[in-house]
Every structure is written in C-alpha cells, then in structure tokens.
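Please read the structure below before turning to the comments.
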Amino acid sequence: MTRAADKTSPMPAPAQKSRAPGRPNASDLLVWYDRHRRVLPWRALPGERPDPYRVWLSEVMLQQTTIAAVKPYFSKFLELFPDVAALAAAAEERVMSAWAGLGYYSRARNLHACARAVAALGAFPNTEEGLRKLPGIGAYTAGAIAAIAFDRPAAAVDGNVERVMTRLFAIETTLPAARPEIRALTLALVPRDRPGDFAQAVMDLGATICTPKRPACALCPWMAPCVARAEGLQETFPRKIKKEKGVLRKGAAFVVVRAGDEAILLRTRPPEGLLGSMAEPPTSAWTHDYDPAKGLLDAPLDARWKRLPGIVKHVFTHFPLELTVFSARVASGAGAPAGMRFTARAGLDAEPLPGVMKKVLAHALEVKAASSVSEPKAETPVDLATPSEPEPPPRRAPIPKPPRTRPSDLARIVKKPPKATRKS
DNA sequence: TATACGTGGCA
DNA sequence: TTGCCAAGTAT
C-alpha cells in the first residue's frame with residue numbers, strides 16, 4: 001500500500017508540467033540518464049547495439065555482486081569465452097575456475113548450463129518469458145535482458161529499483177512481500193520507447209543518487225514526486241526485516257604437501273550445496289561444537305601432522321566459519337587417496353578454489369615458510385597414531401595472532417614459495 | 001514464504 | 001570491529 005494510494009481522492013490530474021509533484025515520469029529520468037549515465041564495460045554506448053551475450057553475462061555476474069568485483073571477471077570471461085558458443089563448449093571445470101573468487105558458485109554452474117541451452121536453441125530467447133525458463137535467469141535477470149538487449153517493455157526490478165520505488169511511493173510493505181507491488185508500479189512507468197535505457201536509468205539512479213544511506217535527493221530527477229522525500233523519510237525505505245546472523249561453525253582443513261614437486265592434495269566438493277563443484281583441501285565437517293584437539297580423526301591420510309598456529313576465519317552469508325589448519329608433508333611420489341588428487345603449485349591457478357580455500361592454503365604455506373626459516377617452535381606437532389588424547393597446544397608464550405590471511409596471498413606464495421614472508 | 005548460497009568494501 | 005549491503009536464484 002502506497003502513501004498515494006491511501007488518499008481517498010483520485011490522483012490529481014496533472015494538467016501541468018512534468019515537474020508537478022503528483023507523479024514521476026520516465027521522461028524526467030531519461031533526461032537525467034542521457035546526461036549522467038555510467039559507462040560500463042558491458043553497456044552499449046548510445047547508438048550501439050547491445051550484445052545479448054554480454055548483457056546476460058554481466059547480469060548474472062552482477063547478481064548480489066558489486067560492479068568493482070565483477071569488472072575483472074567480466075573481461076576475463078570475454079577473453080576465455082568470447083561468445084556463448086565458446087562458453088557452451090568449455091569444460092565445466094574451466095568455467096568454475098574462471099569464476100573462482102566471485103562467489104555464489106551455483107551461478108557459474110547455471111551459467112554454463114544456460115550457455116549450452118542457448119547454443120542448442122541457436123540464440124538467446126528475445127522475450128522475458130523465454131529467458132525466464134533458462135537456468136540461472138530469474139525474474140530480475142529475464143526482465144533486464146529483455147529490456148536491455150531486446151528493447152522489450154519489461155520491468156527489471158533489482159535492489160536498486162526496489163529502493164527507488166519504495167521511496168518514490170513510500171511503500172510501507174516490507175520486503176520481499178512488496179515485490180509484486182513494486183513490480184507493477186515499475187512496469188507502469190516503463191516507456192514504450194527506450195525500455196532498456198529506462199531499466200538502466202533506474203538502476204543508475206539507485207546506485208548513484210538514491211543510495212541506501214544519505215541519498216543525494218537534491219540531484220534527483222524524481223525529487224519532486226518522491227513521497228518519502230517529501231516527508232523526510234527517504235532513508236527509512238525500503239522497509240525490511242533484519243535477518244539473524246548465523247551461528248559460528250568450526251572445523252579443520254588438512255593441507256598435504258608432497259615432497260619433490262611440492263604438489264598439494266585437493267578434492268572436488270559435491271555439485272550441490274555450499275561451494276558446490278569447487279575445489280578444496282580435505283576438510284572435516286563444519287560443526288558448532290568441533291574440537292580441534294580431535295581434529296586428526298578426520299585427517300585424509302596417515303602422516304606426521306602439524307597443527308598450525310592461528311585460525312582461518314571466514315564469513316559466509318549465513319554463517320561465520322573458523323578453520324583450524326593441519327599440515328603434513330608426504331613422501332615424493334606418494335599417491336592421493338581415493339577421490340582426491342595432487343596438484344602442483346603451478347597448477348593451482350587452474351583449480352576452482354573458492355576464496356575461503358585460498359585463505360586456507362595461503363595460511364598453511366605462509367606459516368610453513370615462516371617457521372622453516374625462523375622458529376620451528378610455533379608449530380604443534382601431533383601424531384596420528386595417538387589422535388584424541390595427548391596434544392595440548394603449547395602453553396608457554398601466547399601465540400601471536402597471525403596476520404589477516406587473504407585469498408590473494410596465495411598467488412604471491414605460490415609464485416615464490418619458501419621464504420619467510422611473515423614476521424613476529 | 002523462508003532459507004541457502006560468497007565475497008569484499010565501507011561507515 | 002561489526003553490520004550492512006551489492007544488477008538474485010533455486011528450492
């Protein structure tokens with residue numbers, strides 16, 4: 001229910017100009033857009049014909065993901081897979097590896113499946129309805145592609161549009177219940193000509209003017225008709241219920257380095273669920289009551305395990321995670337346990353390692369490098385033969401907290417392995 | 001309708 | 001440091 005709809009009298013018929021505070025119109029927005037539109041790698045310049053492949057690829061990458069994060073991945077994908085046929089023909093692991101680090105990995109699997117469907121079809125469907133049937137394309141993306149790539153009068157309602165519309169009409173309904181209402185109001189504003197520009201214009205407005213915090217209302221082409229602004233309540237929209245944050249889970253990760261080639265033991269996670277189809281060093285189950293003292297019960301093989309100082313912390317959307325890292329060296333030429341593989345350092349780039357697992361490897365390799373040069377003391381040797389009982393970590397000096405380990409650290413460590421990269 | 005599903009940046 | 005949030009989808 002909108003504020004405007006609360007009024008008992010019919011809408012004031014604006015016989016006057018577009019500036020009348022009565023209702024927003026597409027024209028004012030498009031005038032603003034023509035002057036302030038953002039230049040983006042996947043966006044056609046004025047007069048250019050949009051490429052459906054680029055539009056689709058960018059829209060999928062941009063799902064719940066910032067423009068800054070997407071840019072390098074978008075150009076990488078264009079190089080690796082110049083068109084939908086190339087993407088369709090690629091091996092799935094290549095696609096997963098290229099996507100590694102971007103997050104929400106089911107998008108990559110769906111992207112690949114979608115490419116194959118489109119290749120089979122011969123081309124992208126040019127209607128919202130046709131698009132909607134493809135894997136990884138939901139209501140928003142179907143509308144966005146239909147409007148942007150095919151100039152269909154479709155509504156593309158994303159988070160930006162939700163924010164703009166809930167403010168414009170002071171929609172009190174909380175999200176996501178307000179979606180149908182927002183969609184209808186948006187669709188009613190879509191101009192017969194330039195539907196693609198309109199879709200991008202609303203998103204640009206939301207991203208640069210109608211921002212979540214401290215919106216720049218004075219610069220907004222829709223300031224006059226904005227109901228929330230008129231009441232000074234713009235920052236309180238959209239109404240939403242805050243979600244609980246997840247409970248901490250803990251577990252262990254096992255980093256095995258093979259002597260000789262320094263290869264690392266990896267496996268591939270199941271296709272469905274968290275980090276589906278992505279690579280990882282073997283890990284234990286992640287539970288609320290995991291006990292690192294018993295960590296070796298989950299070890300993938302028999303070896304002289306060392307429990308590394310420090311903990312790898314990571315935050316997923318729905319829960320935080322803390323991983324204790326164990327490492328071991330095995331003999332040159334050792335074989336991998338069933339379902340696992342040894343990957344040489346140089347081959348790690350081609351592995352679909354998600355951010356959290358890159359952190360684990362960087363942590364293990366960095367601590368190892370540091371300790372091999374300085375104090376072989378910080379490590380806590382543990383014996384597989386006697387798992388549960390006797391391995392109280394050293395009680396003497398408190399272990400200094402390791403520096404924040406970032407996934408990007410892995411590249412540096414892989415490049416030039418054993419050197420003391422970490423101090424104190 | 002509610003929940004699972006990544007990651008990084010910023011106030 | 002903590003919480004929010006970014007061009008959502010699938011089930």
Side-chain angles (χ1 to χ4, degrees), chain A residues 38 40-43 54-74 96 99-111 113-114 131-145 147-149 154-164 173-180 183 186 196 199-208 210-214 235 238 240-246 249 269-278 280 313-321 352-359 401 404 406-408:
Chain A
R38 291 177 293 175
L40 299 169
W42 43 84
R43 183 178 280 184
R54 293 184 178 223
V55 173
W56 163 70
L57 180 60
S58 66
E59 289 300 343
V60 173
M61 286 184 165
L62 287 162
Q63 290 165 6
Q64 295 290 285
T65 309
T66 59
I67 286 173
V70 165
K71 279 181 176 173
Y73 284 85
F74 180 76
M96 301 308 293
W99 195 278
L102 237 203
Y104 284 135
Y105 299 102
S106 65
R107 288 185 298 173
R109 287 181 22 101
N110 285 150
L111 186 86
C114 184
L131 261 359
R132 187 65 183 78
K133 294 182 174 127
L134 296 169
I137 297 184
Y140 161 74
T141 306
I145 298 173
I148 298 169
V157 182
D158 71 336
N160 290 123
V161 180
E162 286 177 348
R163 189 168 55 254
V164 170
T173 313
T174 56
L175 290 174
R179 293 243 166 86
R183 187 174 186 73
T186 303
Q200 295 174 94
V202 186
M203 290 190 277
D204 276 15
L205 187 71
T208 65
C210 196
T211 49
K213 279 163 255 181
R214 300 182 64 82
E235 281 193 70
K240 53 174 78 170
I241 302 157
K242 53 180 172 293
K243 43 199 172 291
E244 303 293 317
K245 62 165 182 268
R249 296 184 205 177
R269 296 174 60 89
E272 305 297 326
L274 186 68
L275 307 177
S277 299
M278 300 298 282
E280 65 174 6
K313 298 183 180 185
H314 191 75
V315 181
F316 292 102
T317 303
H318 48 306
F319 68 92
L321 174 69
L353 288 163
V356 61
M357 298 307 166
K358 285 182 178 171
K359 274 193 210 174
K401 195 172 174 184
R404 246 293 183 287
R406 301 172 183 288
S408 56

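From a predicted model like this one, the values you see are computed outputs, not experimental measurements. To find a chain, count down the sequence lines: A is the first, B the second, and so on, and within it residues start at 1.
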Given [options], which nucleotide is nearest the side-chain atoms of [X]?
X: A/Arg38; options: C/dG8, C/dA7, C/dA10; result: C/dA7
X: A/Tyr140; options: B/dG6, B/dT7, C/dG8; result: C/dG8
X: A/Thr141; options: C/dA7, C/dT9, B/dC5; result: C/dT9
X: A/Lys245; options: C/dG3, C/dA6, B/dC5; result: C/dG3
X: A/Trp42; options: B/dC5, C/dA7, C/dA10; result: C/dA7
X: A/Val356; options: B/dT7, C/dA10, C/dG3; result: B/dT7

Tell me which of A/Lys242 and A/Ser106 sits closer to the 5' end of DNA chain C, going by the nucleotide each one is nearest to.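 It is A/Lys242, whose closest nucleotide lies nearer the 5' terminus.
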
Along DNA chain C (nearest heavy atom to each residue), the more 5'-positioned of A/Lys243 and A/Asp158: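 The answer here is A/Lys243.
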
Taking the nucleotide of DNA chain B with the closest heavy atom to each, which residue, A/Ala177 or A/Arg249, is nearer the 5' end?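 Result: A/Ala177.
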
If you find the nucleotide of DNA chain B closest to A/Tyr105 and the one closest to A/Pro176, which residue's nucleotide is nearer the 5' end?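 First, find each residue's nearest nucleotide; the 5'-ward one identifies A/Pro176.
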
How are the rings of A/His318 and A/Phe316 set relative to one another: parallel (under 30°), tilted (30 to 60°) or perpendicular (over 60°)?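 Ring orientation of A/His318 relative to A/Phe316: tilted.
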
Counting the benzene-type ring for Trp, do A/Trp42 and A/Phe74 have ring centres under 6.0 Å apart?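 Yes, they do, as the ring centres are separated by less than 6.0 Å.
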
Under 3.5 Å: donor-acceptor pair, side chain of A/Asp158, backbone of A/Tyr140: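 Not a single qualifying donor-acceptor pair exists.
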
Do A/Arg107 and A/Thr65 have a side chain donor and acceptor closer than 3.5 Å?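 Yes, side-chain donor-acceptor contact under 3.5 Å.
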
Determine the interatomic distance between [atom1] on [N] and the same-named atom on [M]; round to the nearest Å.
N: B/dC5; M: C/dA6; atom1: C1'; result: 15 Å
N: B/dG8; M: C/dT9; atom1: P; result: 22 Å
N: C/dA7; M: B/dA11; atom1: P; result: 16 Å

Whole-Å distance separating the [atom1] atom of [X] from the [atom2] atom of [N]:
X: A/Gln64; N: B/dG9; atom1: CD; atom2: P; result: 17 Å
X: A/Glu272; N: C/dT9; atom1: CD; atom2: C1'; result: 13 Å
X: A/Met203; N: C/dA6; atom1: CE; atom2: P; result: 14 Å
X: A/Lys313; N: C/dT2; atom1: NZ; atom2: C1'; result: 13 Å
X: A/Glu280; N: B/dG6; atom1: CD; atom2: C1'; result: 15 Å
X: A/Trp99; N: B/dT7; atom1: CH2; atom2: C1'; result: 13 Å
X: A/Glu59; N: C/dG8; atom1: CD; atom2: C1'; result: 11 Å
X: A/His318; N: B/dG6; atom1: NE2; atom2: C1'; result: 9 Å

Distance (rounded to the nearest 0.5 Å) between A/Glu59 CD and A/Leu131 CG: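 One gets 10.5 Å once the value is rounded to the nearest 0.5 Å.
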
Within the 4.5 Å heavy-atom criterion, are A/Cys114 and A/Ile137 side-chain neighbours or not?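 Answer yes - side chains close enough.
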
Sugar-phosphate, base or nothing in reach of A/Leu275, heavy atoms under 4.0 Å: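 Sugar-phosphate, backbone atoms only, no base.
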
For A/Leu40, answer base if it contacts any base atom (sugar-phosphate contacts may also be present), sugar-phosphate if it contacts only those atoms, and nothing otherwise; contact means non-hydrogen atoms under 4.0 Å.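 Since a base atom lies under 4.0 Å of A/Leu40, the category is base.
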
Are OP1 or OP2 of [N] and a side-chain N or O of [X] less than 4.0 angstrom apart?
X: A/Gln63; N: C/dG8; answer: no
X: A/His314; N: B/dG6; answer: no
X: A/Arg107; N: B/dG6; answer: no

Check: B/dG6 base within 3.5 Å donor-acceptor of A/Thr65 side chain: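 When only heavy-atom distances are counted, A/Thr65 does reach the base of B/dG6 through a donor-acceptor pair under 3.5 Å.
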
